[in-house]
Every structure is written in C-alpha cells, then in structure tokens.
Protein chains: 2
Amino acid sequence: MKRQTAINAFAALAHDVRLGIFQRLVEAGPAGMAAGRIADKLAISPSSLTFHIAHLERAGLVHSRREGRSIIYSADFGAMGSLVDFLTDKCCGGQPEVCRDLGRKQHKAS
Amino acid sequence: MKRQTAINAFAALAHDVRLGIFQRLVEAGPAGMAAGRIADKLAISPSSLTFHIAHLERAGLVHSRREGRSIIYSADFGAMGSLVDFLTDKCCGGQPEVCRDLGRKQHKAS
DNA sequence: TCATTATTTCAAATAATATTGAAATATAAT
DNA sequence: ATTATATTTCAATATTATTTGAAATAATGA
C-alpha cells in the first residue's frame, strides 16, 4: 500500500460520520447496504451521506453498485487489511518480538 | 477503545509529517528517538515537529520522557494494537469467516 | 553566571474541510 | 407522460487545521 493511500484512508476514517458509515458497512459484510438505509440509521441528510461516503470511496475503503434505484455500498475488506498491514509494517525494525500479536485481540493472560 | 479515541488516532495518522514521525518511532521500537533527531531525519523545523508530535501525543499514539536536555519520544504499541482491533471489530457481524486474517500479512496462496 | 543546545510556545496568515438546503439527475411504477 | 423514490450536485457559509518564524523555557557545561 502506498503511503498516500494510507494517509487518505486514515483521513477518511477520522470523522464521526464516516467512521459510522464504515462500521455499518463492515458489520453488513459483502452484501452491503443501500445509501438511504445508511442515512436513516445514522440520522443524517442524503447530501451529507453522499459527501462523506464519496470521501470513503475516493480513499478506496468502500465500493458501490446500483441495484434498481438504490445504490448499494459495501466495505472493501482487502483495503482494510492492507491498511492494518501498512501500520504495523517494519515494526521495531529487527526486533519484531516486541510487536508480536499486534493487529489481533489481546489475550487476557498477558 | 472509545470511538472518539479511534477518531483522534486516525486524524493523527492522516498527515504526511505525522505518519512519518510515527513510522520512525515504530521502527525505533521502545527505545524511542529524540525530538531533534526526528526533526533532522524528516527535514522539518523544530516548531513543526512539536506541533505535529503533540497531535500524536494527544491521540495517545506516542509518549515522551526527558533525558538530559533531550526529549525522547516513543510509539505506544498497545495503542496501535487497540486501534487495529477497533477497526476490525464486529466485522461482518455474525459471519466472521469473511474477515479472517485481517490485520496480518496476506499469504500468497489465497 | 553566561553561553550553548534542545525543545516548546505563541500569534498571524493561509489553506483545507465540513455543513446546509435547494436544485438536478436517474430509475421505476402507473 | 406523470409521479414518486433514491441519490447526487452545487454553491454559500462556517469551522478547523496547517505553516511560519520569532520569542520563551529548560537543561547542561565552562
């Protein structure tokens, strides 16, 4: 993943509304969700939804497809994984044991 | 991790200079790096470094300690891991197989 | 104490991003 | 063709973030 791609993705996620949209889509899975339904769930105006989801789409975190008169958005899970990889890459350069288990749930027993 | 904490972390990482700082510190590991050394490596002014690293510190992604007349910054690896967890949490609600392996290097053989 | 090094603070100017609502486009049903 | 539904576009305004350089603070050593 290119540096600027990662920056764009972080910027896209760094907003209450957009993070809300993305989380809904991550929960929804590959089936995705119609634009209007997302707007309803988050109680935002259609134009606000378009503005923010376009931001997520430019960042490559979501994709869209038309189904009848609805536009269905879905999360790009590959992009999400690449972003995580980017962040944890080169961790502790040469002493990777320090960074082991990053990117997963921590176990209770440390 | 609280929602607003995640938003602050994403915002902190969504900038060329700050991402550069954070990556240097992730590479440096727990030993960290002095403020002046980071500024030199990234070719930015001291005041610019302070502005951006304060942003990272407010977001909880880095910590600082004084050593003599230097201030040593280091990445918070726990915060980085929590952020990754936050992002991949509730993935595909109920169908987690879709999200398996997120947060790790992808294997060549899919 | 005085000078040197390391870092932070502050304020002013500039730049980037977000909000809002009305108008426009696209699809589908009658 | 007309109407209803779904979504996007646009433009004006408001808000927030970034840059820059000079001055201030803090620690060390002569």
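A note on names: the letters A, B, ... follow the listed sequences, proteins ahead of strands, and every chain is numbered from 1.
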Rounded to the nearest Å, what distance is computed from the CD1 atom of residue B:Ile7 to the P atom of nucleotide D:dA17? 12 Å
Between D:dT8, C:dT8, C:dA26, spot the one nearest the side chain of A:Thr50, thanks. D:dT8
Show me the pairs that pass salt bridge (charged side-chain N to carboxylate O under 4.0 Å, His left out) and involve residues 40-62 of chain A, at least two apart or across chains. none
Taking atom P of D:dT7 as reference, at what distance in whole Å does atom CZ of A:Arg37 sit? 12 Å
Does any non-hydrogen side-chain atom of B:Leu83 lie less than 4.5 Å from one of B:Thr5? no
Okay, side chain of A:Arg66, backbone of A:Gly68: is any donor-acceptor separation there less than 3.5 Å? yes
Just checking B:Ala34: base, sugar-phosphate only, or nothing, at a heavy-atom cut-off of under 4.0 Å? sugar-phosphate
Identify the heavy atoms of A:Ala9 and A:Leu61 that sit nearest to each other, and give their distance. O-CD1, 3.8 Å
Separation of D:dT28 atom C1' from B:Glu67 atom CD, nearest Å, is 15 Å
Take the protein atom CD1 of B:Ile21 and the nucleotide atom C1' of D:dT18, then report the distance between them rounded to whole Å. 13 Å
Shortest non-hydrogen separation from A:Ile72 to A:Gly32 and the atoms involved: CG2-C, 4.0 Å
So which heavy atom on B:Met1 is nearest to which on B:Ser82, and how close? CE-CB, 3.8 Å
Quick one: B:Arg58 CZ to C:dT9 P, roughly how many Å, whole number? 10 Å
For B:Ile53 and D:dA17, what is the distance between atoms CD1 and C1' respectively, to the nearest whole Å? 18 Å
Among C:dT27, D:dA27, D:dT7, find the nucleotide with the atom closest to the side chain of B:Arg66. D:dA27
What are the two closest non-hydrogen atoms of B:Ala14 and A:Ala11, and how far apart are they? CB-N, 3.3 Å
With five pairs defining each end axis, the helix from C:dT1-D:dA30 to C:dT30-D:dA1 comes out bent, to 10°, by 20°
Euclidean distance, atom CZ of residue A:Arg65 to atom C1' of D:dT8 [Å, nearest integer]: 19 Å
Pairs flagged by salt bridge (charged side-chain N to carboxylate O under 4.0 Å, His left out) wherever residues 69-81 of chain A is involved - sequence neighbours left out: none
Reading nucleotides 11-25 of chain C from the 5' end, what letters show protein touch, with B for base, S for backbone sugar-phosphate only, - for no heavy atom under 4.0 Å? -------BBBBB---
Please check this pair: side chain of B:Arg3 against backbone of A:Asp16, looking for a donor-acceptor N/O pair closer than 3.5 Å. yes
Below 4.0 angstrom, which residues in residues 68-76 of chain A have at least one non-hydrogen atom near DNA chain D? A:Arg69, A:Ser70, A:Ile71, A:Tyr73
Main-chain N/O of B:Ile44 paired to B:Ser48 side chain as donor or acceptor, under 3.5 Å: no
For A:Arg18, what residues pass the side-chain hydrogen bond (donor to acceptor under 3.5 Å, both in side chains) criterion, not counting sequence neighbours? A:His52
Between C1' on D:dT7 and CE on A:Met33, what's the gap in Å once rounded to a whole number? 17 Å
